[in-house]
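Reading through the C-alpha cells given below for one structure.
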Amino acid sequence: MIYNTGRMDKEKELKKVADEIRECRLCKKWGTGEPVPGEGSADADVVFIGEAPGKEEAKTGRPFVGRSGRLLRSMISEIGLETEEVFITSPVKYLPLRGTPSRENILHAREHLLKQLSVIGPQIVVLLGNVACLALLDRKVEITKEHGTSVRKGGRTYFITCHPAYALRFPKGKEGLREDLGKLAQQIMKTSPR
Ligand code: URA
C-alpha cells in the first residue's frame, strides 16, 4: 500500500518504484537500452504521460530528451510551468523492440505507472496520445475528436491531447497541441491558482 504523504516520503517511494522498474524482467523482455522510469517532482500537480522511450531516451535513461521531448519541454515552459515542478514519464519504460509497444507490454508496464501516480497524487494527468489513453482510460480514444477535453476516472482528472511526435509530423498537430496546452494552463489556474 502506498500512502500519499509528505514530499520527502514521496521521493523515497518514487525511487522505490523506479528501482522496481529497473529490476522488472517483464519490462526488459519487451524492450532494449536503459530503463526510463521518468523524472520531475515527486509532488507534482501535473504529470505528462507519453508512449514509450525513443532512441535518445534509451541511451540516457531520461524521458523526453529527443526531438519530440524538446518540443514538449518547450511547450511546458510556454504555459509557465517549470519542467522540474511537473513529472514526465511514459506507460512503457523501455524502447520497444519493434517500434510501437504491444498491448501486452502496455498493460503490464502501466502497473508501474499506476504506482507512480498513486505516490505523486497529481491534480491533472496529461495523456499525450493513444498509448497513454489506452493505458489509463482503458479505451481507444480518437485523439482528433477528444483532444483538449478532460475526463474524470477513478477519482483522477485526465486531460487528452496528442503526442508531440504527431505534432512534429503535422503543422496542424503542433497548433492543436499548443492550443490544448493553453486550455490545460487555464484549467490548472482554476484548480490550483498560484
Ligand atoms: N516519447 C515518449 O512517449 N516518451 C519518451 O520518454 C520519449 C519519447
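The structure displayed is predicted, hence computed values, not measured ones. Each ligand, and each atom within it, is numbered from 1 in the order the structure gives. For the numbers below, each heavy atom of this structure counts, side chains included, while hydrogens, waters and symmetry mates do not.
Ion pairing between Arg73 and Glu39 holds under the 4.0 Å rule for side-chain N and carboxylate O. The existence of a salt bridge linking Arg70 and Glu56 is excluded, since no basic side-chain nitrogen approaches an acidic carboxylate oxygen closer than 4.0 Å. Ion pairing of Asp19 with Lys16 is absent here, as no side-chain N (NZ or NE/NH1/NH2) approaches a carboxylate O to less than 4.0 Å. Salt bridge annotation for Glu111-Lys115: absent, with no cationic side-chain nitrogen under 4.0 angstrom from a carboxylate oxygen.
Scanning all heavy atoms of the two residues, the minimum distance from Leu72 to Phe48 falls at CD1-CD2, 4.2 Å.
Annotation: ligand 1 has protein neighbours Gly50, Glu51, Ala52, Pro53, Glu57, Pro63, Phe64, Ser90, His163, each with a heavy atom less than 4.0 angstrom from the ligand.
With a 4.5 Å cut-off on side-chain heavy atoms, Leu127 and Val141 do not count as touching.
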